[in-house]
Amino acid sequence: MPLRTGTPLPELDGATEWVHGEAKRSELVGSPTLVHFWAISCHICHDNMPTIQRWRKEYADKGLKVVGVHMPRQQEDTNIEAVKHEIEALGIEEPCAIDNDHTLGERFQNQFWPAYFLFDAEGNLRGRAAGDAGISLLEGSLKRVMEAEATTVS
């Protein structure tokens with residue numbers, strides 16, 4: 001069963017490797033956080049990455065933190081050097097876990113590519129979506145979380 005709304009952000013330790021620094025739960029709570037799962041063999045993931053990067057830039061000054069998790073769909077996706085190359089090619093600048101053993105995927109109860117988990121500044125799940133239309137479904141939740149954050153900060 002997927003994480004329920006209100007579930008606290010899981011710990012992020014246990015990844016195979018991190019690129020662009022390791023994200024830690026303790027450093028993310030206090031800011032709205034988007035965690036996105038993707039794989040190099042997932043074409044939808046590639047198609048949606050520009051939207052993730054746009055959100056990262058658009059909401060950075062409002063405190064949004066973004067964390068990528070590469071969770072392989074198939075054996076060929078476990079090549080760490082290929083994943084690192086794809087991280088650079090896709091313009092992923094946020095911390096990105098390489099989760100070859102699905103440790104983070106299991107913690108997030110995730111079995112989908114792409115998958116998106118949006119947490120509020122208190123570290124509680126406020127939105128989740130997956131698949132082809134997932135990114136467009138999540139956009140409304142992202143706007144609401146960011147508006148709530150702006151109201152709290154004011």
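Side-chain contact check for K84 versus E88: every heavy-atom pair is 4.5 Å or farther apart. In this structure, the side chains of N124 and T7 stay at 4.5 Å or more apart for every pair of heavy atoms. Side-chain contact between R144 and R126 is absent, with no heavy atoms from C-beta onward closer than 4.5 Å. Under the 4.5 Å side-chain criterion, counting only non-hydrogen atoms from C-beta, V67 is not in contact with K65. When side chains are defined from C-beta on, F37 does not count as touching P114, because their heavy atoms never get closer than 4.5 Å. Within the 4.5 Å cutoff, the side chain of K62 has no heavy atoms near those of the P32 side chain. The closest side-chain heavy-atom distance from H70 to W113 is not below 4.5 Å. Residues H20 and I87 have side chains in contact (heavy-atom distance under 4.5 Å, counting atoms from C-beta outward).
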Applying salt bridge (charged side-chain N to carboxylate O under 4.0 Å, His left out) to D99 and R107, what does each step give before you reach the verdict?
CA-CA 11 Å; D99 189 29; R107 257 188 225 140; over 6 Å; no

Can you check side chain to side chain contact (heavy atoms under 4.5 Å, CB included) on E22 and K24, steps first, answer last?
CA-CA 6 Å; E22 182 175 350; K24 297 183 185 301; 3.7 Å; yes

Which is it for T33 and L118 under the side chain to side chain contact (heavy atoms under 4.5 Å, CB included) test, yes or no, and what are the steps along the way?
CA-CA 6 Å; T33 301; L118 178 64; over 6 Å; no

Please test Y116 against R128 for side chain to side chain contact (heavy atoms under 4.5 Å, CB included), starting from the C-alpha separation and ending with a verdict.
CA-CA 5 Å; Y116 310 98; R128 69 175 185 279; over 6 Å; no

Would L28 and L9 count as a side chain to side chain contact (heavy atoms under 4.5 Å, CB included) if you check the C-alpha gap in whole Å, the side-chain angles of each, and the deciding distance to 0.1 Å?
CA-CA 9 Å; L28 296 172; L9 173 67; 4.0 Å; yes

Stepwise ring pair (Phe, Tyr, Trp, His ring centres under 6.0 Å) check, F108 with F117:
CA-CA 9 Å; F108 279 77; F117 296 84; 5.2 Å; yes

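Using modelled atom types and a 3.5 Å distance limit, the side chains of T78 and Q75 yield a donor-acceptor pair. Defined by atom type and a distance below 3.5 Å, a donor-acceptor pair is present between the side-chain atoms of R73 and S41. Residues E94 and H36 have side chains that bring a donor and an acceptor to within less than 3.5 angstrom of each other.
To the nearest 0.5 Å, the span separating CD on E93 from NZ on K57 amounts to 5.5 Å. Here CD of E149 is found 13.0 Å from OH of Y59. Values are rounded to the nearest 0.5 Å. The CD1 atom of I98 sits 11.5 Å away from the CG atom of D77 when rounded to the nearest 0.5 Å.
Both L12 and L3 sit in one connected hydrophobic cluster of ILVMFWY residues. Membership requires side-chain heavy atoms under 4.5 Å apart, directly or through other members. If you chain together hydrophobic residues whose side chains sit under 4.5 Å apart, I135 and V66 fall into the same group. V69 and I92 fall into different hydrophobic clusters, where Ile, Leu, Val, Met, Phe, Trp and Tyr residues are linked whenever their side-chain heavy atoms come under 4.5 Å apart, directly or through other members. Residues L137 and L125 do not share a hydrophobic cluster, defined by chaining ILVMFWY side chains whose heavy atoms lie under 4.5 Å apart. M71 and I52 end up in different hydrophobic clusters when Ile, Leu, Val, Met, Phe, Trp and Tyr side chains are linked at under 4.5 Å.
The closest donor-acceptor contact from the side chain of S31 to the backbone of V29 lies at 3.5 Å or more, if one exists at all. Proximity of a side-chain donor or acceptor of N110 to a complementary backbone N or O of F112 within less than 3.5 Å is detected.
Nearest heavy atoms, I80 versus E17: CG2-OE1, 3.6 Å. Taking each heavy atom of L90 and H46 in turn, the nearest pair found is CD2-ND1, 3.9 Å. Residues I44 and G131 share a closest heavy-atom pair of CG2-O, 4.2 Å. The two residues A15 and A97 have their closest heavy-atom pair at CB-CB, 3.8 Å.
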